[in-house]
Each structure stands twice: as C-alpha cells, then as structure tokens.
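Treat the numbers as computed from the prediction; the structure is a model and nothing was measured. Computed from heavy atoms alone, side chains included, the values below leave out hydrogens, waters and symmetry copies.
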Amino acid sequence: MEQKNTDVKVPLISKIAYGMGDVGCNFSWMFVGNFLMIFYTDVFGIGMGAVAGLMLFSRFWDAVNDPIIGGLSDKTHTRWGRYRPWLLIAAPLTAIVLMVTFWAHPDWPSTGKIVYMTVTYCILVLGYTCVNIPYGTLCGAMTQNIEERAKINTFRSVSAMIAIGIINIITVPLIGALGKGDNKKGYLLVAVVYGCIFAACHIFCFAKTKEVLEVPEKEKISLKVQLTSVAQNKPYMIAVAGQFLFGVTLYGRNADALYYFTYVEGNQALFSTYSLCIIIPSIIGAACFPAVFRLTNNKGRSASIFALLTGISMFSMYFFTVREAPIPFYLFSCLAQFFFSGFNTAIYAIVPDCVEYGEWKTGLRNDGFQYAFISLGNKIGMAIGTSALAGVLGSMGYLANQQQNPAVLAVMKHSFTTVPGILWIITAGVLYFYRLNRKAYNKIVQEIQERKGETCLM
C-alpha cells in the first residue's frame, strides 16, 4: 500500500483561490456582523431587547449544528474530497438566505418581525456553518507542511482584510445609492450583490484547490470519544479559548462601530472614512505574520504579541475623537488594525497544526469536528459580545434614530475603545501559553508518518 506524500508545496493559484474563499465569507458574515444589528433596530424597527435575545438563542442553535456539520464534513467522500463539495453546494443556497435576511418589513406587527428575524437568522447561521467549517478545515487538507500552511493562511488573512476594508468603505454609500434614500431597499439590494459575491468566491475556491490529505476509513466514533480526544489536546483548547475571546471582542466592537460614528461622532459617513484609513494597515499587518512567525517559531506566541499591541492601541483611542483630535485618533486606529490583522492571520494558522497534535496524541483525526468547535467558540463569543452590547444599550435607554442620552453615548464609546482594548490584552495572556512550536510540530508530523508507514507494511 503506497503512502501518499502530504508534505507538498501548494500552487500559487490554489493559495489565491483559498484566500478568495475568505473574501466570500466576509461579504456574508462581516456584513452581518457589522450591519445586521443596526439594520434590525433602525430599519426593521425591532427592539434592542429582542435583538439581544436572538443573539443568545442562536448560539444554542450553533451548539447543535456546528459539531454536526463538522462531523458530517469529516465523513463526506467524493471524488472532489471531503470539504470542497460543501463550498459548491452550500454557498449558493446560503447566498439566497442572506438576501432574505435583509428584506425588511417595518410595517409588520412586533411579533411577526421577531419571528421573521429569528427564522431567517437561524437558517443563515446554519448555511454559513455549512460553508465556513468545511472551508476552514480545507487548509489542513491541502498540505501538512507548516510553512505552506502559514503562507495559505496569510493569503486568507490578506484577502479577508481587503474584503473587510472594501465592505466597510462602500456599504454605507452603496445602501444610499441603491436605495435612493430608502434604507429598506438599499439594504436588500446590497445583500443581493454581496450574496452573489459570496457564492462566486466559494465556487472559485472549490474549482482551484485540491485536497491531498486523506483520512482513512474508520469505524463510527462516538461523540464521547471525540470530545475526550479534544480535551486531551492542550494546544487546541488554548486555540478555542483564543477564538472565544476573539469573537467577543471583534464582533462586539464591529456591531458598535456604526452606532459609534452615527451617534458619538455625529456623522455616519465617518465610518467609511475610518474604514478607508485602516485598509492599507490591514493588508500590511496580515502580510507580516510569516516574518513574526519566523522570529518566534511559535504561532500562538505570534498571535499573543499581535493581540497585546492591538489592545494597547485600541485602549489609547479612548482619549481622542475624530472631531477634536483626528490625527491621533486615526493614528491609533491604523496601529490597532495593523496588529489586529497580524493576529487574525496567526489565530487561524494555529488550527490545522492542533489537528496534527491531536492525531499524534490520541490516534484520532477529526479535522471537521475540531474546526466545528473553533467555529462554535468564535460564534459564542460573537453572541456574548453583540447581545451584551444590545442589552446594555437597551437598558440605558437607546432610541433608534434619536439623539442619545449621555449614558448610551458612554457605552458606545467604551465599547469601541477601552472594553475591546482590555479584552485583547486578556487574549494575549491566554495565547502566551501556546507551546506547539515549529520544532515540536515537525517532530509530531514525522512520527505520524512513521506510524502510517509501519501500518502500511503490516
């Protein structure tokens, strides 16, 4: 029985195609993360309390469907591989759900609005899970070379930062242009455009990538056994904790951003200006990860350094505003985004290596199942970050499209600066304890290959 070489160099077109997958992800999920909450409250006319409740409820839904989709993707067998077919089928269907989610009905009764919001959002979350978990797992199936994985994730992160920058710059003016003053129509048409981009990017990713790592057929493994193997994987547990904190910080702040510029700074258009200023630092920061990794030889430590500097930069933003001190405000904004982009590359580059560690430690390889819990940790963090923001704003007396009281404005400002700053510093502390360095990883992969070679000879 011939052993297949999995320590391969990935072609440039495949790296580009993989990066395009995250472009698609962001034209869906970052659009949702940055704009859905304010769409619900200020366009659809749904109360903050209902939005906060939905964000928490949907995470119970994630707790069910994420591990299921992860397990199903591990068991998928086609001539295209395990994970790529999910991109081809699930992405176009999810694009349709994205469009329906941003179809506002402000004249409906309150109960009808809440039911529509809950059903469409939960289906959207499921669809995104069916795309994102196989997409994230695909990186580890393309090669076992640690350097190549770092490069693949750099392409992914650079592409993501470009996409996020474009989304944040053009979305507000695009809503106005397509809606011609009608935000209800504007949001729907933007969702149609972004949904098409989401589907097209993942179809391209499917077409130009290749899975080389084949997981051998095994008997059915119980959920208890899989959870036990995950609990024994210390680098993975640190990665899950990092993803949870990442979700709380990133999505809570992103959901607050448009509120911050609309009500604290007094001009929603400044959100596009802010996004334009940080796009170049985003791209450069993401591209700097391989250099930092070469210096530290440890992806977790690299992520820790980036997280610490992100936190310091964001905390510093509290002392400045666009109106009174635009230069230092934008300077610290650029620094925060530069370091965040490096972190974003590093945190996702960790995951495939943790899968190898788990196989070495327990003999069980379950890429999709493990990535499902990475995704779940991130989504639970997102739920806590966004629902906490919505709950606090509601309790402080937030009124849509009105002048806000000082308590609400204070919450918006702290949620954009000091709160994420502190959380990033905590994240840095957690990831500092990640021990799987380059030398240890290469030794683990070698031992796994030796075991497989011995099995083939038997």
Side-chain angles (χ1 to χ4, degrees), residues 16-40 43-44 54 58 61-62 65-66 68-70 72-73 76 78 80 83-105 116-138 156 159-160 162-172 174-175 177-179 183-209 251 254 371 375 378-379 382:
I16 294 172
Y18 190 76
M20 289 301 295
D22 216 18
V23 171
C25 286
N26 282 287
F27 268 94
S28 168
W29 202 240
M30 197 54 64
F31 175 49
V32 168
N34 289 6
F35 294 91
L36 187 61
M37 191 166 127
I38 199 167
F39 166 79
Y40 280 150
V43 179
F44 210 149
L54 169 67
S58 66
W61 174 235
D62 280 328
N65 69 62
D66 276 27
I68 290 174
I69 299 302
L72 288 175
S73 65
T76 300
T78 72
W80 298 302
Y83 309 112
R84 291 168 59 233
W86 289 78
L87 310 184
L88 179 65
I89 298 169
L93 296 175
T94 304
I96 295 171
V97 181
L98 177 69
M99 300 170 195
V100 174
T101 301
F102 280 90
W103 185 16
H105 303 280
Y116 185 88
M117 171 183 71
T118 303
V119 172
T120 55
Y121 184 74
C122 286
I123 296 175
L124 178 64
V125 167
L126 174 60
Y128 184 74
T129 297
C130 291
V131 175
N132 193 53
I133 288 179
Y135 168 73
T137 312
L138 176 60
R156 173 184 182 175
S159 301
I162 294 172
I164 292 169
I166 292 172
I167 290 166
N168 290 341
I169 291 167
I170 70 171
T171 300
V172 171
L174 194 59
I175 289 169
L178 294 179
N183 282 342
K184 173 185 166 184
K185 179 181 177 183
Y187 269 99
L188 176 59
L189 292 178
V190 168
V192 170
V193 173
Y194 288 1
C196 292
I197 294 172
F198 171 78
C201 286
H202 283 99
I203 292 171
F204 178 66
C205 181
F206 161 82
K208 295 299 182 180
T209 55
Y251 292 107
N254 284 356
Y371 197 88
S375 175
N378 188 266
K379 288 179 181 177
M382 175 184 179

inquiry  = Quick one, Arg84 with Leu138, criterion side chain to side chain contact (heavy atoms under 4.5 Å, CB included). Give me CA distance, side-chain angles, the key distance, then yes/no.
reply    = CA-CA 7 Å; Arg84 291 168 59 233; Leu138 176 60; 3.8 Å; yes
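- Arg156 is not listed as a side-chain neighbour of Cys25, based on a closest heavy-atom distance of 4.5 Å or more.
- Considering only residues two or more places apart in sequence or on other chains, Phe35 meets the ring-ring contact (aromatic ring centres under 6.0 Å, His included) condition with Phe31, Phe271.
- Using cut-offs of 30° and 60° for the angle between ring planes, the Tyr135 and Tyr18 rings count as parallel.
- Shown here are the ring-ring contact (aromatic ring centres under 6.0 Å, His included) partners of Phe206, two or more places apart in sequence or in another chain: Trp80.
- Residue pairs meeting the side chain to side chain donor-acceptor pair (under 3.5 Å) criterion with at least one member in residues 88-99, sequence neighbours excluded, do not occur.
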Under 3.5 Å, which donor-acceptor pairs link side chains of residues 197-205 to any protein atom two or more places apart or in another chain?
residue	atom	partner	partner atom	Å
His202	ND1	Phe198	O	2.9
His202	NE2	Gly21	O	3.2

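- Ile162 places a side-chain heavy atom less than 4.5 Å from the side chain of Ile166.
- Residues Asn254 and Met30 have side chains in contact (heavy-atom distance under 4.5 Å, counting atoms from C-beta outward).
- For the atom pair CG of Leu98 and CG of Leu36, the computed distance is 9.0 Å after rounding to the nearest 0.5 Å.
- Taking Tyr40 as the reference, nothing meets the side-chain hydrogen bond (donor to acceptor under 3.5 Å, both in side chains) condition, with sequence neighbours excluded.
- Distance alone, capped at 3.5 Å, is enough to place a donor-acceptor pair between the Asn26 side chain and the Asp22 backbone.
- Taking CG from Leu54 and OG1 from Thr118, the interatomic distance works out to 5.0 Å, rounded to the nearest 0.5 Å.
- Looking at Met37 and Phe39, their side chains never come closer than 4.5 Å, going by heavy atoms from C-beta outward.
- Here CG of Asn132 is found 9.5 Å from CG of Leu87. Values are rounded to the nearest 0.5 Å.
- When the side-chain hydrogen bond (donor to acceptor under 3.5 Å, both in side chains) test is applied to Asn378, the partners found at least two apart in sequence or on another chain are Gln243.
- Residues Thr129 and Lys379 have side chains in contact (heavy-atom distance under 4.5 Å, counting atoms from C-beta outward).
- For the residue pair Trp86 and Thr76, a side-chain donor N or O sits within less than 3.5 Å of a side-chain acceptor on the partner.
- Two residues are said to be in side-chain contact when any heavy atoms from C-beta on lie closer than 4.5 Å; Met382 and Trp29 meet this criterion.
- Scanning all heavy atoms of the two residues, the minimum distance from Asn183 to Val43 falls at CB-CG2, 4.0 Å.
- From His105, atom NE2 reaches atom CZ of Phe44 across 5.5 Å, with rounding to the nearest 0.5 Å.
- Using the six-membered ring where Trp is involved, Phe102 and Tyr187 have ring planes that are parallel, under 30° apart on the 30 and 60° scheme.
- Side chains of Val32 and Tyr128 form no contact here, defined as non-hydrogen atoms less than 4.5 Å apart.
- For the atom pair CD1 (Ile164) and CG (Asn34), the distance works out to 8.0 Å, reported to the nearest 0.5 Å.
- A pairwise comparison of heavy atoms in Gly195 and Ala95 identifies O-CB, 3.2 Å as the closest pair.
- Separating the CG atom in Asn65 from the SG atom in Cys130 is a distance of 7.5 Å, to the nearest 0.5 Å.
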